[in-house]
2 protein chains.
Amino acid sequence: MELRDIEIFLMLAEELHFGRTAERLYVSPARISQVIKAQERFIGAPLFERTSRAVRLTEVGRRLRDDLRPIHAGFQESLERARMASRGVSARLRVGLMPFNFSGLWPLWKAFQRQHPQWEVQVRLAHFQEPFGQLRRGEFDVFLAWLPVEEPDLTVGPTLFTDPRVLTVAEDHPLAVRTSATVEVLGDFPVSAGELKLDYWEEGYLPFQTRRGRTIERGLRARHADEMITAVGMGEIVMPFPSHVAEYWNLPGIRYLPMPDLAPLSYALIWRTESENDLIRALAATARDLGTLNLQT
Amino acid sequence: MELRDIEIFLMLAEELHFGRTAERLYVSPARISQVIKAQERFIGAPLFERTSRAVRLTEVGRRLRDDLRPIHAGFQESLERARMASRGVSARLRVGLMPFNFSGLWPLWKAFQRQHPQWEVQVRLAHFQEPFGQLRRGEFDVFLAWLPVEEPDLTVGPTLFTDPRVLTVAEDHPLAVRTSATVEVLGDFPVSAGELKLDYWEEGYLPFQTRRGRTIERGLRARHADEMITAVGMGEIVMPFPSHVAEYWNLPGIRYLPMPDLAPLSYALIWRTESENDLIRALAATARDLGTLNLQT
DNA sequence: ATATCTCGATGTCCCGTAGCTCCACCGTGG
DNA sequence: CCACGGTGGAGCTACGGGACATCGAGATAT
């Protein structure tokens, strides 16, 4: 059995669906079936129970998954460490953020790199469904979240920047003729949201109701910001963002309307309290030294 | 990188010799070279320093070896456990012994299997260079050694059998005409020995000198008992064994001469005190129930 | 109850490449 | 100058993987 097979087995054990597993690994469903079949021949017992409607792990399969998962992860890490060492990097800090937040933070990355050349910052894409889950699962070490964040197991670090809001609308949208927008108009047009599963935090980004009590309808459940801005471009939704997205997306068909009555967003570094380490402290220190950037232009 | 590559890397890291690595893995030396080269390209730094006379690990390579070794072992174990589970076996006890000891122990294996059908005994070949090393490294859980064994980290369990000695000689050897042999004659002909690196234990098998003080010359350093008996057949050496080997090797060209003045050998189960477990205790109990077999015929 | 549809796993045939061998070459220490 | 041992290159083959057809079983409809 080769590593590729292990990867397929673990992915299937997670997805419990041959087709989706194939998609995520960029191979055909038939291949998944072949590989699993071969593994079962090798092990000598079925690893999955397949009915035409559902795939379930057998007892043997469950046990194997539990055994192999940490080992597989450890393996990837070992290779990663070796590759870092070959570049003279002794450790790596993975920062999760929404991609449009990246550009505004050049000063931070540069300062950190200058102060700690032996460490490396990797920026990873956070998605709009349970980003705290990604943080808690260890997919990244630090997460750049808007405030407020109040989670017992997470530490809220320094605030990196505060940014007023703009409403993005398609250029042929009824609102596009205006020069600014109020929260109130969001009662008239659907907006987007991720599946955050954390109401107070979603509300920190955008309230569920206007001041006059009208519901702000979440029309599109998006996984990534790209989907949102695309839907804005198509005129399906309108969407408030921190204003610095205008630098990130200077798309021809999009208008940015200031939203003076929506409070500016503050973004801060968040991390799991129990896995705080030197790298995280160093990044936080660098951030504190730079102070909170005020992006108001 | 696939598991096969890891295996090659680890084997080379142990052997530090491309040719021997290739032999042990049954591939061509060129293949080893190609694979290592590819790994170095992937990692981004040399893993081995090659001079025309020696191969050494680099710092990165050493680190990678230390990281990967336990992980690789873990993989193999996980798969092994799954395969056992598929046969309804929940654990496995690996017993190391010299192959010619195996046949006399049928009653023990059978009794153990009857008492504990959910456990499996695997017999592994112990070699004549540092067998205690194999035990300590975990290549097997229990080792069948002749006595005395006095090692601080090892437990000496029940004695399985006691067996008088025979001297094996080729049928055309000068000694073959006799009906028995004394230790004294070993001063005249070379014998074999492993590289045991443990004098008191080697001496337990065969003294270094005859009673009259003549040296018993170790003519052949053998890794396995097969090599010894082959050399005996060729007339190069003579060799004392416990007498039950006569059942194991009933080779036409070999004579077995009783050695009344060499003390019978006792074989006992030995294990690492700190890794004693239920299986080991169960095997020891079964052995005690059977009592010490007296193989004197 | 039967027929039809749809979803999702799997068998089969086929292709391209990765894994491997063979052989020639070359650097270095005895 | 030889011999040992690592490496480059050409070539073969088996295996990883895709395309497509098929099949079993819920779901839906008449």
Novice: Taking only residues two or more places apart in sequence, or in another chain, which ones meet B/R69 in a salt bridge (charged side-chain N to carboxylate O under 4.0 Å, His left out)?
Specialist: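 Applying salt bridge (charged side-chain N to carboxylate O under 4.0 Å, His left out) to B/R69 gives none.
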Novice: Quickly work out the B/L16 CG to D/dG5 P distance and round it to whole Å.
Specialist: 14 Å
Novice: Is it the case that A/Q39 and A/R41 place a side-chain donor and acceptor less than 3.5 Å from each other?
Specialist: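 There is no such pair (donor and acceptor under 3.5 Å, judged by atom type) between the side chains of A/Q39 and A/R41.
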Novice: Is B/R4 near enough to C/dC20 that one of its side-chain N or O atoms lies under 4.0 angstrom from OP1 or OP2?
Specialist: yes
Novice: Starting from C1' on D/dT7, measure out to CD on B/E40 and report it in whole angstrom.
Specialist: 12 Å
Novice: Choosing from C/dA9, D/dG17, D/dG5, which nucleotide comes nearest the side chain of A/V27?
Specialist: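 Comparing C/dA9, D/dG17, D/dG5 against the side chain of A/V27, the answer is D/dG17.
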Novice: What is the distance, rounded to the nearest whole Å, between atom CD of A/E23 and atom P of C/dC7?
Specialist: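 It is 14 Å, rounded to the nearest whole Å.
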Novice: Across the strands shown, which category fits B/Y26 at heavy-atom distances under 4.0 angstrom: base, sugar-phosphate, nothing?
Specialist: sugar-phosphate
Novice: State, without any angle test, whether A/Q34 and A/R31 hold a side-chain donor-acceptor pair at a distance under 3.5 Å.
Specialist: yes
Novice: How is B/R31 classified with respect to the nucleic acid when contacts are heavy atoms under 4.0 Å: base, sugar-phosphate, or nothing?
Specialist: base
Novice: What is the nucleic acid contact for A/V55, judged by heavy atoms within less than 4.0 Å: base, sugar-phosphate only, or nothing?
Specialist: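 Sugar-phosphate, no base atom in range.
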Novice: Could you give the CD-to-C1' distance, from A/Q39 to D/dG16, as a whole number of Å?
Specialist: 14 Å
Novice: Examine D/dG6: is either OP1 or OP2 under 4.0 Å from a nitrogen or oxygen in the side chain of B/K37? Give yes or no.
Specialist: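 Looking at the OP1 and OP2 atoms of D/dG6, neither is under 4.0 Å from any side-chain N or O of B/K37.
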Novice: Distance check needed: D/dC15 P versus A/D5 CG, whole Å only.
Specialist: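 Atom-to-atom, A/D5 to D/dC15, this comes out as 13 Å.
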Novice: Would A/Y205 and A/F128 count as a ring pair (Phe, Tyr, Trp, His ring centres under 6.0 Å) if you check the C-alpha gap in whole Å, the side-chain angles of each, and the deciding distance to 0.1 Å?
Specialist: CA-CA 12 Å; A/Y205 192 88; A/F128 274 132; 7.6 Å; no
Novice: Looking at the side chain of B/H17, which of C/dT10, C/dT21, D/dG5 is the nearest nucleotide?
Specialist: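 Among C/dT10, C/dT21, D/dG5, the one nearest the side chain of B/H17 is D/dG5.
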Novice: According to a strict under-4.0 Å criterion, is B/R53 in side-chain N/O contact with OP1 or OP2 of D/dC4?
Specialist: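 No, no such contact exists.
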Novice: Report the distance from atom CD1 of B/I32 to atom C1' of D/dT7, rounded to the nearest whole Å.
Specialist: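 That distance rounds to 13 Å.
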Novice: Measure the distance from CD1 on A/I36 to C1' on C/dG8 and round it to the nearest whole Å.
Specialist: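 For the pair A/I36 CD1 and C/dG8 C1', the rounded distance is 15 Å.
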Novice: Evaluate whether atom CZ of A/R87 has more than 12 neighbouring non-hydrogen atoms of other residues, nucleotides or ligands under 6.0 angstrom away.
Specialist: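 Atom CZ in A/R87 is crowded, with more than 12 foreign heavy atoms closer than 6.0 Å.
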Novice: Considering only side-chain heavy atoms of B/Q34, which listed nucleotide, C/dT21, D/dG18, D/dT7, is closest?
Specialist: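 Given the options C/dT21, D/dG18, D/dT7, the side chain of B/Q34 is closest to C/dT21.
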Novice: Tell me: CD of A/E49 to P of C/dA9, nearest whole Å?
Specialist: 14 Å
Novice: Out of D/dG9, C/dT12, C/dA9, which has the shortest distance to the side chain of A/F18?
Specialist: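 Comparing D/dG9, C/dT12, C/dA9 against the side chain of A/F18, the answer is C/dA9.
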